[in-house]
**Student:** 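First the structure, which I've put down as structure tokens, then a few questions once you've had a look.
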Amino acid sequence: MTTTMDLDQGSALLHFTRNGAFGPGKTELLVLERGEGPYVFDTHGRRYVDGLSSLFCAQIGYSYGEEMATVAGEQLSKLAFNTLWGTAHPAALQLAERLADLAPEGIDRIFFTSGGSESVESAWKIVRQYHIANGQPQRMKAIARNIAYHGVTLGALALTGVPGYKEPFGPPAIDTTHVSNTNAFRNPLQGEELTKHLLKEMEQAIIDADPETVAMIIAEPVQNAGGCLTPPPGYWPGLRELADRYGIVLVADEVITGFGRLGELFGSTRVGATPDIITTAKGLTSAYAPMGAVLVSGRIAAPLYEEGRTLLHGITFGGHPLCAAIALKNLEIFERDGVVENVRAREGTLQQLLETLRELPIVGDVRGTGFFWAVELVKGDSNERLDADERERLLRGFMPGRLREAGLIARADDRGDAVLQIAPPLVADDAVLEEIVDAMREVLADAGRQLGLQAGGTTQSALTRS
Ligand code: PLP
């Protein structure tokens, strides 16, 4: 019998992880066993500030367990499970109503899933059935953006724009064109000039694919992979115009930006987007249970309600009563405890704190919105990119351990350029935000020293020396 202290990787295959990295004489696996407010604690009792909200999920942090347990207990004692396959249960119906009330104007049909990838795939299948019902079955193609992450199941993976994640798995399930994302760092075009350029590229991609064959455009309001890539002004209204001009369905993937992350319940509202479909998961339950939802406009869903037509898609656990009850409670807590308001009140403070990191030579850019931010790591004042070897040694070798030592959970990532990302629980106060940025400063200063960077210039790299 193992005690909690003894727990190691054992038989578990960890997701998106080098599974051979752990064990005696290697990296110690971080095993978290307890949470409190914005903090999590490992099996040795060490405390970490969760600067990433458990992969963008824990919107309300970790102190609502008892309240959630009460509604979970009530639901489980009443009805543990029923599907939404031709029947229903009150929790899912009530949650659908609530989401329809909260969603942007015109979006009022809700399809439940168990997570983000399923939401994205379900959106695709709903889009396809919309076009078929409209006499346009030839609309089989999608347009997504470079480096965007939309999930890993084979349909969602086709939309994902990270080549390394796709290559081992053969031809994509959906014929997808990937266009530029909205990364403005190092881009000579800025603001409206950048918008014009990106929309022109998008339109050309539609034309090249043959407009009559394009079913869907999918994008995140603020793209996560690549490091919190905010859209330039007018970008989303421009996407809407293109989608309307060419009869394409516009999907906002809000698996991360949904439920307050950008300081609005839906990130679409924050960036001026009016999508036809919003995909969600993660924050819907603040991760107190696994659940996703696809929010569909009445226009796109209308054919699915026609007499005699069957929605050819279903997921056994989609809309599970336990998860639905927890999601309802989560939304109640959002309103009662002013969760989104907290983000709006403190996002300026968070930005100001993060901007001070620019004084470190390793920090080239600071970007984001709401409680969703990234700093880009560079080789000093020239803003030169880290090369592959430096990224490997710094982001995968040095930083994970150093972040842990500093008591901070944050994400060092290089699916695009090298970034350190944070997404604090939406209930964090100023002291917690300061704690996060202080720890980032400490780690980034050390990371800069690893690169041999001193304020004002580049010197020999400790990484290339070692
Ligand atoms: N879409 C976006 C924008 C995401 O960030 C993610 C996951 O991080 C997904 C889809 C896939 O979600 P899941 O991991 O729940 O399948």
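Just follow the structure's listing: the first ligand is 1, and inside any ligand the first atom is 1. Remember, predicted model here, so these are calculated numbers, not experimental data.
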**Student:** We want to know whether Gln421 and Asn224 form a side-chain donor-acceptor pair, criterion being a heavy-atom distance below 3.5 angstrom.
**Tutor:**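 Side chains of Gln421 and Asn224: pair found under 3.5 Å.
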
**Student:** Compute the shortest N/O to N/O distance between Glu118 and ligand 1 and return yes if it is under 3.5 Å, no if not.
**Tutor:**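 No.
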
**Student:** Please indicate whether any nitrogen or oxygen in Asp253 is less than 3.5 Å from any nitrogen or oxygen in ligand 1.
**Tutor:**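 Yes, there is a polar N/O contact under 3.5 Å.
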
**Student:** Going by atom types only, do Thr87 and Asn82 share a side-chain donor-acceptor pair under 3.5 Å?
**Tutor:**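 Their side chains do contain a donor-acceptor pair, which is all the 3.5 Å distance test asks for.
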
**Student:** How far is atom 15 (O) of ligand 1 from its nearest protein heavy atom, and which residue and atom is that?
**Tutor:**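 Going atom by atom, the protein heavy atom closest to atom 15 (O) of ligand 1 ends up being Gly116 N, 2.8 Å.
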
**Student:** Is Ile256 close enough to touch ligand 1? Criterion: a residue heavy atom under 4.0 Å from a ligand atom.
**Tutor:**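 So Ile256 counts as touching ligand 1.
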
**Student:** Is there a donor-acceptor contact under 3.5 Å linking the side chains of Arg261 and Ser53?
**Tutor:**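 There is such a pair (donor and acceptor under 3.5 Å, judged by atom type) between the side chains of Arg261 and Ser53.
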
**Student:** For residues Asp253 and Thr279, is any side-chain donor paired with an opposing acceptor at under 3.5 Å?
**Tutor:**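 Result is yes, a qualifying pair exists.
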
**Student:** Hydrogens and angles aside, do Asp276 and Tyr130 bring a side-chain donor and acceptor to less than 3.5 Å of each other?
**Tutor:**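 Result is no, nothing qualifies.
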
**Student:** Show the atoms of ligand 1 that are less than 4.0 angstrom away from any heavy atom in Glu220.
**Tutor:**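 Listed by number with element, the hits are 3 (C).
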
**Student:** If the test is side chain to side chain donor-acceptor pair (under 3.5 Å), which one of Glu241, Arg139, Glu203 qualifies with Tyr246?
**Tutor:**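 One option only clears the test, and that one is Glu203.
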
**Student:** Report the part of Ala281 (side chain from C-beta onward, or backbone N, CA, C, O) that has a heavy atom under 4.0 Å from ligand 1; answer both or neither where that applies.
**Tutor:**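 Answer for Ala281: neither.
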
**Student:** Return yes when Lys282 approaches ligand 1 closer than 4.0 angstrom through a heavy atom, no otherwise.
**Tutor:**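 Judged by the 4.0 Å heavy-atom criterion, Lys282 does count as contacting ligand 1.
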
**Student:** Check Phe56 against ligand 1 and report side chain, backbone, both or neither, counting heavy atoms closer than 4.0 Å.
**Tutor:**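 It is neither; nothing of Phe56 touches ligand 1.
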
**Student:** Indicate whether the side chain of Ser268 and that of Glu254 have a donor and an acceptor atom separated by less than 3.5 Å.
**Tutor:**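 Side-chain D/A pair, Ser268 to Glu254: present.
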
**Student:** Starting from atom 14 (O) of ligand 1, locate the nearest protein heavy atom and write down its residue, its atom name and how far away it is, to 0.1 Å.
**Tutor:**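 Atom 14 (O) of ligand 1 sits closest to the protein heavy atom Ser117 OG, 4.4 Å.
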
